[in-house]
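These notes concern the structure reproduced below.
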Amino acid sequence: MTEIDWTHYFFAIAILAMLLGGLGLFSHAVRKGWILQNMTGLRALTQGHRRRLALKETLVIDPRRRLVILQADDMEHVVLLGAEAETILSSQAAPAEPAELQETAS
C-alpha cells in the first residue's frame, strides 16, 4: 500500500489561497478607484469627492434641439443644444440645496 504525500495537497491549497487573496485585493483596489486613479490620474471618480459639474435637468424640445440645466461649481447655466450650435441662454447663481439633501450627500 502506498503512503499519500500530503505536502503536494497542502502546496496546492496554499497556491489557491494566494491566488484568491490576490484576486480579492485586486477587486478591492478597483472598487476603491485606486487602479483607475493611478493609471489615468482621474480623481473625480473616487468616493468622497464632490463633483464640480452636474446635469440638473433636461428637456427635449424637438428631435434636433434639447434644453439642459447644468450646474458648474455654484453657477447654473441654461443651455440650448442644437444640431449645429450650442447657446447659453442664461447663467445665474445656483440655489442652495435644502439641508436634508446636503445631509444625505455627505
Side-chain angles (χ1 to χ4, degrees):
M1 185 156 256
T2 312
E3 188 174 319
I4 298 175
D5 188 12
W6 291 100
T7 57
H8 293 293
Y9 292 112
F10 290 133
F11 183 71
I13 290 173
I15 294 294
L16 181 64
M18 287 192 313
L19 286 174
L20 290 176
L23 186 61
L25 182 63
F26 180 74
S27 68
H28 179 71
V30 168
R31 255 190 318 225
K32 286 289 194 176
W34 298 336
I35 302 295
L36 182 66
Q37 177 179 332
N38 291 335
M39 288 175 59
T40 64
L42 294 176
R43 295 187 189 279
L45 299 177
T46 58
Q47 295 175 351
H49 186 272
R50 183 179 171 267
R51 298 189 69 129
R52 295 181 58 205
L53 183 63
L55 177 64
K56 292 294 184 176
E57 195 170 331
T58 183
L59 175 68
V60 176
I61 296 174
D62 59 36
R64 302 188 87 194
R65 295 181 298 161
R66 179 179 304 230
L67 194 63
V68 296
I69 299 175
L70 299 170
Q71 181 175 347
D73 294 330
D74 294 329
M75 294 292 291
E76 275 190 356
H77 307 282
V78 179
V79 181
L80 179 65
L81 303 174
E84 294 85 29
E86 295 78 27
T87 307
I88 298 175
L89 300 177
S90 72
S91 295
Q92 63 185 13
E97 291 184 16
E100 58 201 30
L101 288 178
Q102 289 177 350
E103 291 173 2
T104 58
S106 325

Quiz: residues 9-19 side-chain donor-acceptor pairs under 3.5 angstrom, not counting sequence neighbours:
none

Subject >> Distance in Å, Ile88 CD1 paired with His77 NE2, rounded so as to fall on 0.5 Å steps >> reply: 6.5 Å
Original post:
Which residue, Leu89, Leu81, Thr58, Val79, forms the side chain to side chain contact (heavy atoms under 4.5 Å, CB included) with Leu67?
Top reply: Leu89
Original post:
What heavy-atom pair brings Ala94 and Glu76 nearest, and what distance separates the two atoms?
Top reply: CB-CG, 3.8 Å
Original post:
Is Asp74 atom CG crowded by more than 12 heavy atoms from other residues, nucleotides or ligands, each under 6.0 Å away?
Top reply: no
Original post:
Does Asp73 reach the main-chain N or O of Met75 with its side chain, forming a donor-acceptor pair under 3.5 Å?
Top reply: no
**OP:** Show your reasoning for whether side-chain contact (heavy atoms from CB on, under 4.5 Å) applies to Leu55 and Leu70.
**Re:** CA-CA 5 Å; Leu55 177 64; Leu70 299 170; 3.6 Å; yes
**OP:** State, to 0.1 Å, how close Gly82 and Arg65 come at their nearest heavy-atom pair, and which atoms those are.
**Re:** CA-CG, 4.3 Å
Subject >> Residues forming a side-chain hydrogen bond (donor to acceptor under 3.5 Å, both in side chains) with Glu86, sequence neighbours excluded >> reply: none
